[in-house]
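This report concerns only the one structure given below.
Quick note on labels: first sequence line is chain A, next is B, and so on, each numbered from 1. What you see below is based on every heavy atom in this structure, not just the backbone, and it leaves out hydrogens, waters and symmetry mates.
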Amino acid sequence: MGQDTLSAQKRATATALPTTTALAASNARRNPPRSRQISKTFNNIKITILCGFVTILVLRGTIGVNLGSSDADAVNQNLIEETNRILAEIRSDSDPNEPDEPDIALNASSSFSLGPKIRNWDRERQQWLQNNPEYPNLVRGKPRILLLTGSPPKPCDNPIGDHYLLKSIKNKIDYCRIHGIEIVYNIAHLDKELAGYWAKLPMIRRLMLSHPEVEWIWWMDSDAFFTDMVFELPFSKYENYNLVLHGYPDLLFEQKSWIAVNTGSFLFRNCQWSLDLLDEWAPMGPKGPIREEAGRILTANLKGRPAFEADDQSALIYLLLFKKVWMEKVFLENSYYLHGYWAGLVDRYEEMAEKYHPGLGDERWPFVTHFVGCKPCGSYGDYPVERCLSSMERAFNFADNQVLKLYGFSHRGLLSPKIKRIRNETVTPLEFVDKFDIRRHHPSTTQSKS
Amino acid sequence: MLERCLGLRRLRQIQRACRRGSLTFLCLFLTVVVLRGTIGAGKFGTPEQDLNEIRHLYAYRSRRVEPHRVLEEAQPETTTNDANNYATFDISKILVDEAASADEPKRDPNAPYTLGPKISDWDEQRGQWLKKNPDYPNFIGPNKPRVLLVTGSSPKPCENPVGDHYLLKSIKNKIDYCRLHGIEIFYNMALLDAEMAGFWAKLPLIRKLLLSHPEVEFLWWMDSDAMFTDMAFEVPWERYKDSNFVMHGWNEMVYDEKNWIGLNTGSFLLRNCQWSLDILDAWAPMGPKGKIRDEAGKILTRELKNRPVFEADDQSAMVYLLATGKEQWGDKVYLENHYYLHGYWGILVDRYEEMIENYHPGLGDHRWPLVTHFVGCKPCGKFGDYPVERCLKQMDRAYNFGDNQILQMYGFTHKSLASRRVKRVRNETSNPLDVKDELGLLHPAFKAIKLPTSS
């Protein structure tokens, strides 16, 4: 009976349902309710807009179709791409116009030389100086010096590196103008095999032979800054020596340390002895298996040296240690900072400015602050970038303040590129010129022309 | 058929679910696309970057008439936060300006601008000083005055990533020329007067240097985008013995036509004397930044021929000064056009190979220009007036063209004018002093020290 009623109900609903739908359908066909129509239309429009929006975004994202000024943007994009391509080309090492020559690495058996052996350079040079009295090797009682520095031919891996190279050369220009020293800035690799830190050797030799009037050649790294603009090299100490290096005898002879001397700032006299030393120094340099093998020998023999290819500093130390005859003419200078390791100096500049005065050259007012390990021209240095660059900025401004003093200006703090006036303008500027010009106060420059 | 399979109700449920599902899917898709659009959408950048470029484009167009170029650094791929990595470094993190202190000398803002207090007896002061300091003569040879070459650039890194590299090559080029010719260099990186910023910054600097270096006879200003391309040419100093201001230009174009490019202030010589201080004082008033410079710019555009509309620049101001004050200044101004004291790069750079074939250094003129000046290239900035590729490649060529003359002293030359690499052209010998360089630049006559006749 339950089933009967159930099935009856089912049949009732079954029949009822079609009735209602039929009724609804007929209703809809005859008179669709306005609200529903509107809401349906509204829904359709919503979906249409949504789809349209999505299409535009997708097209924009994939093929960059713009509804705005497409012309200018396309041109812009092209320019940007073109510019990036040019920048990448400029920064790369390859030359687009010539094929890359295969690097012919010398094997260990072949010998390398900087040039044909010269044996009587001292006599030839003396003769030349006698025949050319208008190019003397002594100017106003001081020996003629040539400062040699340089950097690689291509842009630095990062733009900030080039900026600090520029500041570094300005710093050297200032010192050399004040002290009458000529500068040669080398950007060419004269010898492909002696690239990198070894590139200074062929250049030093070449300059010595081309400029017999030059008495001393002073090599200085591009990451070394002059920080004492008044200090002058005491050449009277070096009369009997041919190579002046900053270094410590105990570190060199007792400890055989690889940082016993520093070849970031040194002086070479223009003479036969120097040519001979360069010839003995160069053989560890040629790129490839020779340099690698030499690197292993140096790491084995010098204290504290990490394992890497041979560098000029370690090679020189090795030479001085194991062929002691060279030490006779080498002066290990440590009474002033011919090379001053930056880490212990840069934080004390304000203290120095307060307590001391330029002209000392030593730890009270360092002559040269050398940013070893910072490598701003590369991609990675041995120290945090912020520390390196802010310290270089401080050293640069510390030195620049000494130059600007003559003009009555000073930097607004050692980290600021802006300057402030420290002296009013006057109608009699020459009294300050006499007081502040460094050249006029140095004892050797007041000698009359001899 | 589906209806029969699943039942009507089920079918409706499925349909409803499908509808809702598709709506959900659509919204999800939209979200993904929008996110892609805002934080990284393929190789065309985000819509915001496009908007910025459009903004830049319209802003730039309103400032300049010439075609523009945009220089932007490629975004670095790496996002590592390595403290030792120079790629992710931002210079503004380390530069710090101390606050101005109260006792700093300040200029009265209401008074008209002056470069400094008026000096009226500079010739006497300087003459006396030279007498008292015979070790610092103003002439280092019979016809050779002591010259100071002044150039400079901003103390902040260039906006263009390779700009500093070209500044470096440019200063090396100047160092080489000046070493050969016995000229001293002053490289300026300081802004002496904030009101005279931009191209006007040279005026306070020049005045300051003239007054601080009485031993200097001639001050040679040279822009940082000008390069020496003739290393053997010595400026004919005797020609200027009665002039105080030497610029490259043409008399007709300045005095008759009043053309704004009738002369060029990118490379000029200024004698250290009272007259020069006076002309600097007369030149300066159009310079101060702001309303004065803008108003002056309008006057100059109106008065000078072909000048576009922009704020007053020192070159136009000098043309105007000379054209309107010929009686006062004209007799001591020498407009030189027999050699390229300033050589517009556009007409010179393509002819370098032809010059090498047909001529030789030492001429200084159209056959072998003394100076190639890259006006409008602005390698340090982001916007220039010429296409990037042309400017930078031609600067490389001009640099190599000049550098070849230096390298030939040592037996080398660049492999080509476009190449950084060098090759040997003269073998090493065991008698280096017998070899003379072709141009005689190793020991030139103009660098020789004149000996006293009694020795």
Side-chain angles (χ1 to χ4, degrees), chain A residues 54 57-58 61 64 72-73 76 79-80 83-84 86-87 90 95 97 115-116 118 124 128 133-135 153 155 158-160 162-163 165-166 169-170 173 177 182-183 185 188 206 209-210 379-381 384-385 389-390 393 406-407 412-413 415-421 424-425 427 429-430 433, chain B residues 30 33 36-37 41-42 44 50 53 57 69-72 74 83-87 89 94-98 104-105 116-117 119 125 129 155-157 161-162 164-165 167-168 171-172 175 179 184-185 187 190 208 211-212 388-389 410 416 418-420 422 428 430 432-433 442-443 448-449 451:
Chain A
V54 168
L57 277 176
V58 168
D73 274 350
N76 242 2
L79 280 178
I80 293 174
T83 309
N84 285 339
I86 294 165
L87 288 182
I90 290 174
D95 228 321
N97 295 326
I118 298 177
E124 283 191 27
W128 188 94
E134 68 274 14
Y135 279 93
N158 284 292
I160 198 72
D162 279 311
H163 183 70
L165 282 177
L166 189 66
I169 188 58
K170 168 191 157 65
I173 289 174
R177 182 184 63 250
E182 294 188 334
I183 302 179
Y185 194 91
R206 186 67 260 160
L209 298 177
S210 303
S379 300
Y380 283 89
V385 167
L389 294 187
S390 62
E393 186 72 23
L406 170 61
Y407 310 117
R412 284 184 191 279
L415 279 177
S416 171
K418 297 195 184 143
I419 58 173
K420 63 180 188 219
R421 231 178 238 291
N424 268 331
E425 296 281 339
V427 293
L430 292 174
V433 165
Chain B
L30 191 66
V33 166
R36 222 174 141 249
F44 284 87
D50 277 350
E53 273 156 26
L57 174 69
R69 69 180 161 91
V70 168
L71 208 61
E72 268 181 38
N84 288 24
N85 188 352
Y86 282 98
F89 184 73
I94 65 169
L95 296 178
V96 167
D97 292 333
E98 274 175 12
E104 249 175 68
I119 300 180
Q125 283 191 42
W129 188 95
K156 298 212 176 120
V162 291
D164 280 306
H165 180 71
L167 284 176
L168 189 68
I171 186 59
K172 171 197 151 61
I175 289 175
R179 183 179 68 249
E184 295 185 333
I185 301 181
Y187 194 92
K208 177 55 78 175
L211 296 178
S212 309
V388 175
E389 180 154 22
Y410 305 117
S416 77
S419 168
R420 285 182 206 131
V422 300
E428 297 276 344
S430 48
L433 294 174
L442 275 177
H443 302 100
I449 292 181
L451 302 160

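- What you find for A:Pro429 and B:Gln125 is that their closest heavy atoms are CD-OE1, 3.7 Å.
- Note that the CD1 atom of A:Ile173 and the OH atom of B:Tyr187 stand 8.0 Å from one another [nearest 0.5 Å].
- Using a 4.5 Å heavy-atom cutoff, the side chains of A:His163 and B:Lys156 are not in contact.
- A pairwise comparison of heavy atoms in B:His443 and A:Ser210 identifies CE1-O, 3.4 Å as the closest pair.
- In this structure, chain B has a heavy atom under 4.5 Å from the side chain of A:Glu393, while its backbone stays farther away.
- Contact of B:Ile171 with chain A is made through the side chain alone, with heavy-atom distances under 4.5 Å.
- Looking only at heavy-atom pairs under 4.5 Å with chain B, the residue among A:Tyr407, A:Tyr185, A:Trp128 that has the most is A:Tyr407.
- Counting heavy-atom pairs under 4.5 Å between each of A:Glu425, A:Lys418, A:Arg177, A:Glu182 and chain B puts A:Arg177 at the top.
- The shortest heavy-atom contact between B:Ser430 and A:Pro116 is N-CG, 3.9 Å.
- When all heavy atoms of A:Leu209 and B:Leu433 are compared, the closest pair comes out as O-CD2, 3.9 Å.
- The two residues A:Pro155 and B:Arg420 have their closest heavy-atom pair at CD-NH2, 3.8 Å.
- Residue A:Tyr135 touches chain B through its side chain alone, counting heavy-atom pairs closer than 4.5 Å.
- Contacts of A:Val433 with chain B are made by side-chain atoms alone, with heavy-atom separations under 4.5 Å and no backbone atom involved.
- In this structure, the separation between NZ on B:Lys172 and CD1 on A:Ile183 is 11.0 Å, given to the nearest 0.5 Å.
- Residues B:Pro432 and A:Glu124 come closest through the heavy atom pair CD-OE1, 4.3 Å.
- Heavy atoms closer than 4.5 Å to chain B are found in both the backbone and the side chain of A:Leu165.
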